[in-house]
Structure formats: C-alpha cells, structure tokens
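Just below is one structure, and these are the notes that go with it.
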Amino acid sequence: MSHELEQLRDAALAEIAAATGEQVLDAARVRYLGRAGSISAWADRMKSLSKEERPIVGKLLNEARTAVTAAIQQSAERLRTMKEATELANIDISLPGTAAELGTLHPLTQMLDRGIGIFRRMGFALAEGPDVETEWHCFDALNTAADHPARNEQNTFYLPDGRVLRTHTSTVQIRTMQSAPPPIRVIAPGAAYRRDEVDATHSAQFHQIEGLYVDEGVSVADLKGTLEFFLRELFGSDSQVRFRPHYFPFTEPSFEIDVKSKALKGGEKWLEVCGCGMVHPAVFEEVNKARKDDAYDPEKWSGFAFGLGMDRLAMILFGIPDLRLFAGNDLRFLRQFA
Ligand code: DAH
C-alpha cells in the first residue's frame with residue numbers, strides 16, 4: 001500500500017489538474033502546502049518518527065512538495081493562457097480604431113514660415129528679442145520723440161515697472177546692433193502689441209517680420225530690390241509694387257509699399273503691405289551711445305529697415321476677411337489651410 005504522503009500528493013495533483021480557476025487552484029495550494037496544509041503537516045510529524053522512518057518520509061515529503069509546487073505552476077500557466085485566449089476572442093477586430101488626429105500648421109505660422117524662407121534665401125539671418133521690452137528699445141533708440149503718440153498709454157501696453165509690450169519688432173534691430181558690429185543682415189519675426197479696439201482688421205496682438213541690413217554703401221536701390229523681390233516671390237512674379245513716401249521716426253527717407261496683383265482677391269486694388277526706409281543716422285548714434293563705441297558710424301555705414309505685418313499679408317494672400325478668425329480656434333476655418 002502506498003504511503004499517506006503519496007496518497008496526499010496524488011489527490012493534490014488530481015485536484016490541481018482539474019482546477020478551473022485561479023481561486024480553486026489557490027485553495028488547493030493552501031490546503032496541501034499552506035502552513036496548516038496536510039502535506040506540510042508531515043514536516044512537524046518528522047520529529048516523532050523513528051530514526052529508520054525519518055529519511056524515508058523526508059524523501060517522500062520533499063518529492064510530494066516538489067511535484068505539487070510544479071503542478072501548481074503549470075496549472076496557473078494553463079489558466080492564464082486560457083484567460084488570454086478568451087479575452088482575445090472577445091475583441092471585435094472589425095470595430096474601427098481610434099483615429100489619430102493629425103494637426104496642421106496655423107495659417108499665420110505658414111505665412112511666417114513662407115516669409116522667413118524667402119528672406120533666408122537672400123542671406124538674412126534670424127534674430128529674436130523679448131516681447132516685454134524697455135521703453136528705450138521700443139521708442140528712444142528708434143528716434144521716437146518723447147511726445148510721439150505711439151508712446152501714449154492709449155496706444156501702448158505699459159507694465160507697472162515701466163516696461164512695454166513691444167509695439168513692433170523693430171526693437172530687435174536695436175538689440176542686434178547692440179550685440180554685434182556691422183555688417184548686419186537680419187530679420188526679426190515675432191509678435192507685437194498695440195492697444196487697438198479689436199475688429200475685423202485690428203487686434204491687440206499681431207505679427208511682424210522686420211528686417212535690417214547695414215553695410216557700407218547700402219542705398220534705396222538695395223531696399224527696393226530686396227523688397228520687390230520678396231513681394232513678387234510671395235504674391236506672384238506679375239505683381240506690381242509701388243513705393244510711396246511716408247514718415248517713420250527711425251528711417252529717412254521712409255516709404256510705404258503697396259502691392260497690386262491679379263492673383264489676389266480684389267486684385268485691382270493697391271494694398272498697403274510694408275513700411276520701410278533708410279536707417280536714420282540718429283538711430284545709429286543712439287546705438288553707438290549704448291555700445292560706448294563708434295561701431296555704427298553713420299558716415300561710414302548705411303542701412304535699410306522694413307516692417308511687414310504678417311497677419312495682414314496672410315489675410316491678403318489667403319483671402320481671409322476677418323482677423324479675428326486667426327485666434328478663434330474654429331476647426332472649420334483652420335482645416336482649410338491643412
Ligand atoms: N515699425 C513699423 C510699424 O510697426 C514698421 C516699420 C517701418 C519698420 C519702417 C521699419 C521701418 O523697420 O524701417 O509699423
């Protein structure tokens with residue numbers, strides 16, 4: 001007749017093999033191998049056995065434990081596989097998945113990228129500056145009189161500490177000249193801020209690309225050539241470009257540029273797109289004072305500067321009727337530029 005331990009082992013193996021769930025399996029483990037389990041109980045009983053019996057029972061006990069432990073592991077593995085198979089069988093692979101929505105670039109970003117791309121081809125480097133600026137960078141250094149209306153609190157956002165939200169990215173021209181001697185050829189794309197009443201063509205925040213080119217012998221012809229090329233690249237080679245005399249404190253002479261192109265909506269009208277001019281000697285002098293040198297000697301160096309309103313350019317180029325659409329986050333609008 002077999003030993004009781006062998007009987008216990010066989011009973012355990014049968015139960016484990018027949019187990020239909022993790023709980024049943026665990027209950028069997030506890031019953032046989034747990035601290036108070038019937039197989040474990042034989043470990044305590046060893047002490048009371050005779051010297052001859054002890055090794056025999058010890059061996060049986062070890063065998064029983066090893067066999068049952070292995071069977072439990074196997075059975076657990078079998079149950080896990082079964083469970084996974086059932087779960088997989090319940091997945092309906094014909095259901096549509098979750099679509100990954102692909103974003104696109106905002107029309108203004110596209111516009112800026114296009115503008116930057118054209119200037120880069122002409123050798124302009126990118127320059128940046130802070131949106132919160134000193135009044136000096138925004139106005140004084142740009143030869144703007146103390147009583148100029150642009151400085152007015154009605155037109156400009158002032159911070160309590162006296163700094164301003166830059167009203168144009170011309171500030172970056174000044175920063176660039178402060179940090180490096182001529183020659184300079186940079187563009188400064190970025191946001192600018194004015195206290196405008198918001199409507200279809202005005203916004204408190206808008207975007208510009210400003211440019212600055214300083215070298216020996218730079219003339220109005222360079223200014224014209226550069227900006228005409230830019231505008232024809234943007235609006236098509238058959239666009240007409242016209243320069244009108246204008247006034248800016250920081251340039252002399254100054255111009256505004258209009259464009260007319262059949263490719264545009266309302267193509268028979270002249271549209272104002274740019275302010276520009278030859279850098280005023282007073283700007284160079286102010287930069288020299290800040291630099292404490294004579295790097296921008298107006299007798300030696302000359303330059304042109306310009307400012308393009310990118311929101312306006314995008315409206316013209318894409319035929320967008322209302323500036324507020326740019327900030328409205330309406331997907332029906334934005335998707336048209338995908
Ligand atoms: N700062 C002007 C504006 O925001 C645009 C401009 C005009 C920039 C002439 C220039 C410039 O650099 O030379 O309206």
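Atoms within a ligand are numbered from 1 in the order they appear, just like the ligands themselves. Bear in mind the structure is a predicted one, so any value in this text is a computation, not a measurement.
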Q | Sequence-distant partners of Tyr32, ring-ring contact (aromatic ring centres under 6.0 Å, His included), two or more places apart | A |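 Once residues adjacent in sequence are excluded, Tyr32 has no partner under the ring-ring contact (aromatic ring centres under 6.0 Å, His included) criterion.
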Q) What residues form a ring-ring contact (aromatic ring centres under 6.0 Å, His included) with Tyr193, not counting sequence neighbours? A) none
Q. Taking the six-membered ring for Trp, are Tyr296 and Phe284 parallel (under 30°), tilted (30 to 60°) or perpendicular (over 60°)?
A. parallel
Q. Mind checking what residues have non-hydrogen atoms under 4.0 angstrom from ligand 1?
A.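 Those residues closer than 4.0 Å to ligand 1 by some heavy atom are His168, Ser170, Gln173, Arg194, Gln208, Glu210, Phe248, Phe250, Thr251, Gly275, Cys276, Gly277, Ala305, Phe306, Gly307.
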Q. Salt bridge between Glu53 and Lys47, side-chain N to carboxylate O under 4.0 Å?
A. no
Q) Which of these, Thr167, Thr156, Asp140, sits in a side-chain hydrogen bond (donor to acceptor under 3.5 Å, both in side chains) with Arg151? A) Asp140
Q: Please list, chain by chain and in numerical order, all residues satisfying side-chain contact (heavy atoms from CB on, under 4.5 Å) with Asp147, sequence neighbours excluded.
A: Ala145
